[in-house]
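First the structure, in the form of structure tokens, and then the observations on it.
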Amino acid sequence: MTRGRFLFVLACIGALVAAVETLRSPDVSAAVVAASMLATTLRFATPLTLGALAGMFCERSGVANIAIEGMMLSAAFGAFIVAAMTRSLAAGVVAGMVVGATMALLHAWLSVTLRVDQIVSGTVINIMAAGVTGFLSTEVVRRKAIEGAGLLPAWRVPVLSDLPVVGPIFQQQPIAWATLALVIGAHFVLFRTVWGLRVRAVGELPRAAHAAGISVQQTRYAAVMVGGAIAGIGGAYFTLEAVPVFEPMMTNGRGFIALAALIFGGWTPAGAWVASLLFAAANALHINAQQFGIPVPSQIVGMFPYVLTIVILAGAIGRVTPPAAVGQPYVPD
Amino acid sequence: MPPERPGAVVRLDAVLVPVLAIATALALGGVILWAAGPRFEGSYLGIGFVAEAYLSLLEGAFGSRAAIVDTTLRTVPYVFSGLAVMLAFRGGLFNIGAEGQLTVGALAAAWAGFSLDLPAIIHLPVVLAAGCLAGAVWGGVAGLLKARTGAHEVITTIMLNYIGGQLASYLLNGPLRDRSPLNVIAQTPKIAEGARLPDLLPGLHAGVLLAGIVAMVTWFIVWKTTTGFELRMVGANADAAAYAGVNVVRRMTWALGVSGLLAGLAGAVQVAGVNYRSTLGFNIGYGFDSIAIALLGRNTVSGVVLSSVLFAALRTGATKLQFRTQVSADIISVIQALVLLLVAAEQIVRWLYRLRAADAVTQAPEDGATAAIPPSPAGGEG
Amino acid sequence: MSPIESHERTTTPNDLRQSARSAPIPSGTRGTGDPTFLLEARHLTKRYGPVIANRDVSFAVRPGEIVALLGENGAGKSTLMNVLYGMTVPDAGELAIDGKVVRLRSPRDALARGIGMVHQHFMLVPPFTVAENVALGNEPSRRGAIDIATVEARVASLASRFGIDVDPRAIVRDLSVGQQQRVEIVKALDRGARVLILDEPTAVLTPQEAEGLFRVLRGLAADGTAIVFISHKLGEVLSLAHRIVVMRRGAVVGEVLPEDATAESLAAMMVGREVMLRVDKSPSTPTEDRIVVRDLRVAGDHGGVAVDGVSFAVRAGEIVGIAGVQGNGQTELVEAISGLRPTAGGTLSLVGVEAHGLDVRARSMAGLAHVPEDRQRHGLVLPFSVADNLVLNRYHLPPLAQRGVRQARAIVAVARDLVARFDIRTPSPEVPVQALSGGNKQKVIIARELSHGLRALVAAQPTRGVDVGSIEFIHRSLVDARDAGAAVLVVSAELDELLSIADRILVMYRGRIVGEVPGSEATREGIGLFMAGGGGATQGSPPAGFAREDDVHYVN
Amino acid sequence: MKSRRELILALGAVPILAACGGEAAAPAKAEPTKAPAAAAPTTAAAAPTKAPEPTKAPAAAAPTAAPAKVLKVGLVTDVGKVDDKSFNESAWNGAKKGAADVKGESKYVETQNPNDYKKNIQQFISEKYDIIVTVGFLLGEATIEAAKANPGIKFIGVDQFQEKAVENLAGLIFEEDKAGYMVGALAALYSKAGKVGAVLATDVVPPVWRFGEGFRAGAKASKPGVDIQIVYHSDVGPEKTFDDPEWGKATALSMIDKGVDVIFGAGGKTGNGALYGVADRKDKGVVAIGVDTDQWNTVPEAKAVLLSSGMKIIDQGVADIIKAVSENKFKGGNVLGKVGLAPFHDLDSKVDAAVKTKLEEIRKGLDGGTIKTDVKPAKG
């Protein structure tokens with residue numbers, strides 16, 4: 001993410017907060033509003049960030065991923081059903097990761113091994129995820145009257161979570177905390193580790209990586225599946241951290257907003273996180289403004305991430321460069 | 001890269017693989033149905049249940065005159081949007097935005113239909129043209145961005161789908177909303193009588209005819225005109241097209257614009273022939289379905305038409321299947337996803353049925369010449 | 001050499017270099033099983049569909065030996081090299097290292113056994129630093145993180161030891177071609193290469209840069225590294241190699257020591273018969289200007305100036321050649337003339353018309369034909385039929401199209417005519433052009449470009465990767481076009497080609513024309529000097545400051 | 001089943017069910033038919049004693065109808081599933097119960113796409129069903145069309161207001177504004193912080209909007225000066241707005257952050273999300289109010305914090321009309337279903353008697369027309 005775009009994002013977030021601050025009702029303190037907006041923003045940003053990180057590992061290795069939505073949706077279902085069956089939330093999260101990674105394995109098999117067009121492969125996964133989870137939620141969850149296992153309890157930062165105004169920010173649930181850790185972890189993995197270097201090499205110039213003795217296929221499989229597992233955590237967020245139920249189509253297009261965040265963030269973990277925060281902040285503003293009786297053009301809020309992404313892609317606010325080999329199957333020889 | 005003009009052997013192959021893919025997907029769907037069915041009740045194995053499910057699907061799609069009419073009506077928008085995706089594919093572009101283009105097409109058509117006061121003979125064409133124009137603009141934006149800035153059309157068309165949805169939400173709740181006190185729905189007023197597509201047969205509007213004509217025109221343009229030649233050239237090798245004097249920027253914009261036009265026409269025909277208005281939320285699912293249709297149809301016009309019939313039949317028959325078996329109609333989506341999977345990854349089908357791979361023209365790499373031409377998004381078999 | 005030693009050498013490559021050998025290079029042999037061979041290929045065969053790229057190829061190299069693999073484009077050198085490096089698995093035959101048969105399934109296997117390679121198309125990741133590129137695939141790590149500092153130190157030490165100038169922290173994208181090649185060599189050395197394979201390493205270098213490279217290679221060989229040097233340039237092969245292996249049509253056709261060979265004898269082995277050096281042609285009788293370039297400036301792909309104020313004119317009835325090492329602006333110049341690339345300044349007139357604002361199509365209609373440098377990328381639409389490719393520039397004109405509708409019968413008729421006239425070997429005009437051989441593909445392009453209303457022709461690398469028979473045919477066609485009154489501009493990296501057909505030769509260096517020589521007076525040496533940016537004795541003066549610039553980049 | 005008994009018992013104790021009939025607040029001038037016999041306003045005295053055990057119901061109903069053939073009831077959902085814990089489920093329960101009561105059979109078809117409305121209705125027509133229930137106002141047009149074309153079949157359109165009565169179509173409509181009004185009043189009266197909130201699906205959908213604006217009016221009227229926070233999920237399309245529990249929860253939490261202590265969640269799964277959000281903060285003494293059905297039964301996770309629900313008694317309304325058909329008492333036109341508050345369940349002891357009294361007054365006022373919600377039928 002370029003410095004200019006980073007400042008642009010900061011300015012946007014500042015403007016969002018300022019907008020609420022100036023228009024809020026007199027009996028709620030500014031600090032409360034700011035803290036509340038921040039809390040809401042972090043909450044909305046969690047699945048977006050996870051989705052964007054999932055897409056990042058995938059695309060950094062040169063495999064386009066428009067199937068974040070499908071991976072998250074199927075993981076949301078898998079996490080829910082396993083948690084419900086085992087009555088273990090931890091098992092549910094693991095199941096979410098396994099399901100996400102399994103969908104990713106399908107994506108990798110199709111696009112890396114069989115060299116199916118990566119967009120087509122992503123489309124297959126999205127359609128399949130919607131159909132299979134819808135079908136199973138009717139035929140299994142409904143028929144067997146399966147009840148959810150509840151939600152992951154919040155983890156409180158000892159002293160800080162008891163503070164009056166900002167307290168809620170420091171009592172997030174595990175996946176929200178894990179997301180922050182994953183942003184840092186993903187940055188470290190991608191830019192500081194051997195595997196990260198190889199993933200990036202494979203995504204930029206696969207023949208160079210191949211010539212250096214790296215298996216392009218294995219690296220892509222691994223990266224896509226790591227991404228899938230992260231998408232799986234994002235899916236588990238919906239059914240184990242946000243609400244204790246699974247609903248068909250409950251990811252509600254967030255996988256595509258995550259894709260937008262990934263692009264807006266220039267395919268970097270920090271950038272994707274900041275972009276997710278920005279998009280989440282727009283939603284938080286939408287909610288907060290209504291709370292204070294300010295009419296908001298909802299459709300404009302709804303368009304915000306998508307318009308911004310097109311603008312960025314068109315190069316109007318700095319330019320983003322995708323990994324050079326994204327979308328191209330690697331054919332050795 | 002497969003040759004564009006396949007020989008006879010390959011042509012047979014081009015039919016065989018999709019047919020086997022469909023059969024395999026239905027078989028797998030049958031296994032799922034069987035698992036969901038009452039298979040362990042007594043000695044009942046549940047095979048009959050699967051058979052009943054598929055028979056009801058067939059009956060629901062083709063079992064009566066009404067069913068056939070319904071399937072035909074559903075085929076119409078699929079043909080337009082499937083052709084839209086196909087045309088873009090031929091130009092090497094992936095139009096995921098059929099849904100958004102269809103939405104804005106429907107909006108524009110409805111607007112032209114209820115707000116303009118024109119004689120019937122020109123009103124209908126104006127309505128259809130308005131839908132085409134709006135769709136063309138929506139697709140053309142993505143084309144222009146691709147051609148001018150390199151912004152990938154997959155991403156921009158996805159984003160434009162969402163923007164189109166929000167635009168529809170705004171317009172249908174605001175400027176274009178039916179203001180009659182009785183209307184409580186986010187929809188436009190009904191379009192004028194003269195703006196509606198006449199019925200060919202009771203319940204079957206003339207859009208069917210239009211779909212046939214447009215399919216033939218599309219075929220003619222893609223395969224017989226210089227424009228189509230340029231389109232295919234850009235799709236197969238944009239660099240060579242530029243070298244041959246084709247204005248690639250213009251041709252890409254044109255391709256996505258015309259693709260959007262066709263999708264917009266799908267929306268307009270739904271407005272003029274079926275709903276007589278544009279209602280929020282009525283255009284869901286066309287985007288991905290049309291991609292599946294174009295791929296299943298191997299990006300050929302006849303393939304698109306046949307695939308459209310198949311998808312329409314699946315959707316139409318789903319009701320009866322659900323009614324008879326009380327199994328979730330989501331099974332249809334599962335089957336569609338399997339069809340798409342098997343068509344896209346035809347190696348699976350070949351492996352399953354031990355088919356010989358189509359004679360790929362392999363060649364030795366020439367020293368010094370990198371044959372680094374990225375594959376076109378769709379396998380481009382004619 | 002025992003297996004244990006070999007293992008140790010693989011892991012600690014520097015041992016070998018420290019015990020630099022100075023033993024005389026044994027004379028060549030094609031026999032197998034010689035225990036002194038470090039790397040040996042035995043009876044390799046590799047097919048691609050109907051094409052046999054390597055036929056029963058046997059080849060070997062000893063430690064400290066520089067073996068040149070000589071052959072024309074398409075002789076099978078690259079395939080052999082890919083097999084040696086594990087990138088291609090042969091259909092038959094085997095490889096032996098230190099006398100032991102090995103199977104190389106991937107470059108990883110090759111690298112592990114001490115085989116390093118410098119590819120013609122560099123295998124460097126542009127956004128990475130030099131150190132990251134060197135580390136790739138062999139990364140030291142500490143507590144999970146890459147220990148890039150260690151790699152940087154290793155690069156610096158290797159660089160200083162072999163006199164290779166590279167900054168380990170530089171971003172590869174920002175380096176010149178010559179520098180990138182050095183990074184490739186360092187990369188291979190860092191991986192402990194005992195055998196270094198270089199694929200056409202001088203194709204992108206000036207003669208001076210090439211000389212620098214040779215110094216490095218000789219140093220490495222003296223240190224015990226076995227070097228396989230792939231080339232089709234006779235001169236450098238004779239001056240560098242200890243032993244020369246010649247390939248033709250996928251097979252090894254001969255093996256000689258340089259002291260026993262001459263350029264002529266090598267050439268004869270390469271092509272299988274005496275090369276006709278000059279095309280039989282009459283003196284040119286140039287008339288009016290057809291291509292006039294004045295002070296033309298063209299931007300390169302990544303910003304920067306690729307063509308920096310070039311002026312020349314090509315007249316009807318003459319062939320003007322542009323010589324120069326690849327990457328000195330010739331590609332951009334040709335693209336600017338044909339309309340594919342916008343100009344950044346200066347004027348260009350074609351057939352008497354100011355070309356500014358005319359697109360590719362308009363220039364083509366005005367009578368400009370263009371044989372592109374990269375025929376796979378620009379010249380042909382591979383999945384299209386031969387017929388469609390033969391009309392790629394005229395498909396929109398009557399009688400091939402009437403009111404926007406293509407006329408299949410007329411197209412096939414034209415195609416049949418061209419197939420016959422230009423002797424294009426194809427089963428039918430309907431088959432996809434990708435099924436044709438390289439020479440026939442090029443003939444498709446030549447046929448298309450030379451067959452209609454030709455007034456000016458720009459041909460870039462017209463015979464690259466083409467068999468000898470086709471080369472003669474193409475040269476003949478160019479001369480015929482000239483004699484028919486066309487202005488012909490030929491850009492070629494093959495000096496011999498220009499020497500044989502051009503009436504005048506211009507030399508490009510760093511975006512400028514640095515010299516002009518009449519074809520009849522041109523010599524390899526004279527033009528070579530210009531190509532290196534040096535002043536010519538014949539005419540013209542080097543661009544100001546060239547000498548200074550030249551030495552900024554490399555200190556050997 | 002248990003739920004019904006408890007509901008009605010509770011109604012006996014707190015008779016706050018607003019069964020509004022007559023001319024009161026139909027969106028337009030058309031005259032709603034009074035809900036058939038069983039749907040008559042439940043009175044405090046009658047309800048507890050007459051409440052039939054559902055298992056016994058068929059026995060009671062059988063002698064009255066004794067149909068020669070089995071009555072077939074088909075139901076077409078709006079886009080969604082019959083177990084949506086919301087109006088589709090409620091209507092399906094009503095259809096099942098109604099059919100069972102008259103020894104008929106029932107079947108449903110779940111709609112996947114708005115384009116399928118007509119076709120799904122047609123399915124039941126071609127199978128010669130006697131009664132077809134269509135759920136949701138979006139199906140209104142398709143239902144009217146089908147009813148006109150098939151005069152021999154009785155149609156029940158849930159949430160479908162009819163401009164002109166169709167003889168064989170009963171439009172079961174509800175005054176969500178009144179339900180919302182009562183919810184708003186309850187919220188305002190219960191709130192200790194003086195801050196109440198509503199988390200709603202999109203205001204583009206009229207019943208949602210009426211719930212929301214009714215809530216506003218009720219809260220304002222009952223406790224002037226109360227801080228009312230109403231948030232609609234209008235930034236997504238109608239196909240998503242009901243299916244976004246994560247958003248509902250986040251919105252509820254955002255309100256709780258600002259001191260809101262009573263939250264009304266209305267809008268399918270999105271509204272349910274708000275209930276989950278409140279349940280998440282139950283240690284703060286925050287309570288939630290559900291919608292459509294008594295969500296104490298459908299959202300068990302929120303039992304402990306569920307104060308009440310703003311109900312549309314769809315199931316009983318549908319069942320009653322089915323019964324009327326079997327008794328040949330069916331009449332087309334708009335049928336006004338009952339709306340009201342669900343029992344307080346776990347929190348009953350926390351609601352002051354004064355509040356209960358006040359709510360009863362409001363119910364009567366709404367019922368009798370002395371209190372007006374002044375909510376338009378739809379936004380804009």
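Everything numeric in this text was worked out from a predicted model, so none of it was measured. Here is the naming used below: chain letters follow the sequence lines, and residue numbers restart at 1 for every chain.
The OG1 atom of B:Thr319 sits 3.0 Å away from the NZ atom of D:Lys119 when rounded to the nearest 0.5 Å. In this structure, the separation between CG on B:Asn173 and OG1 on D:Thr202 is 6.5 Å, given to the nearest 0.5 Å. Remark: B:Thr279 OG1 to D:Leu138 CG distance equals 8.0 Å, nearest 0.5 Å. Interatomic distance, B:Ser328 OG to D:Gln112 CD, rounded to the nearest 0.5 Å: 6.0 Å. Taken to the nearest 0.5 Å, the CG atom of D:Asn115 stands 4.5 Å off from the OH atom of B:Tyr286.
For B:Arg324, the parts lying near chain D are the backbone and the side chain together; criterion is any non-hydrogen pair under 4.5 Å. Residue contact with chain D, scored on non-hydrogen atoms closer than 4.5 Å, involves the backbone and the side chain of B:Gln326 alike. Looking at D:Glu110, the atoms closer than 4.5 Å to chain B (heavy atoms on both sides) sit in the backbone and in the side chain alike. Looking at D:Asn120, the atoms closer than 4.5 Å to chain B (heavy atoms on both sides) sit in the backbone and in the side chain alike. Contact annotation for D:Asp116: both backbone and side-chain heavy atoms come within less than 4.5 Å of a heavy atom of chain B. Interface remark: D:Glu127 contributes side-chain atoms only to the contact with chain B (heavy atom separation under 4.5 Å). Heavy-atom distances place the backbone of D:Val236, and not its side chain, under 4.5 Å from chain B.
With sequence neighbours excluded, the residues satisfying side-chain contact (heavy atoms from CB on, under 4.5 Å) with B:Ala292 are B:Phe311, B:Leu340.
Between B:Phe323 and D:Phe124, the ring center distance clears the sub-6.0 Å criterion.
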Would B:Lys320 and D:Val109 count as a side chain to side chain contact (heavy atoms under 4.5 Å, CB included) if you check the C-alpha gap in whole Å, the side-chain angles of each, and the deciding distance to 0.1 Å?
CA-CA 9 Å; B:Lys320 185 150 253 150; D:Val109 166; over 6 Å; no
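The shortest side-chain heavy-atom distance between D:Glu141 and B:Gln187 falls under the 4.5 Å cut-off.
Of the listed residues (D:Gly74, D:Ser126, D:Gly140, D:Pro206), the greatest number of heavy-atom pairs within a distance under 4.5 Å of chain B belongs to D:Pro206. Of the listed residues B:Ala186, B:Gly165, B:Ser169, B:Ala329, the one with more heavy-atom pairs under 4.5 angstrom with chain D than any other is B:Ala329.
Proximity to chain D among residues 64-78 of chain B is limited to B:Asp70, B:Arg74, judged by heavy-atom separations below 4.5 angstrom.
Residue B:Tyr170 places its OH atom among 12 or fewer non-hydrogen atoms of other residues, nucleotides or ligands, all under 6.0 Å distant.
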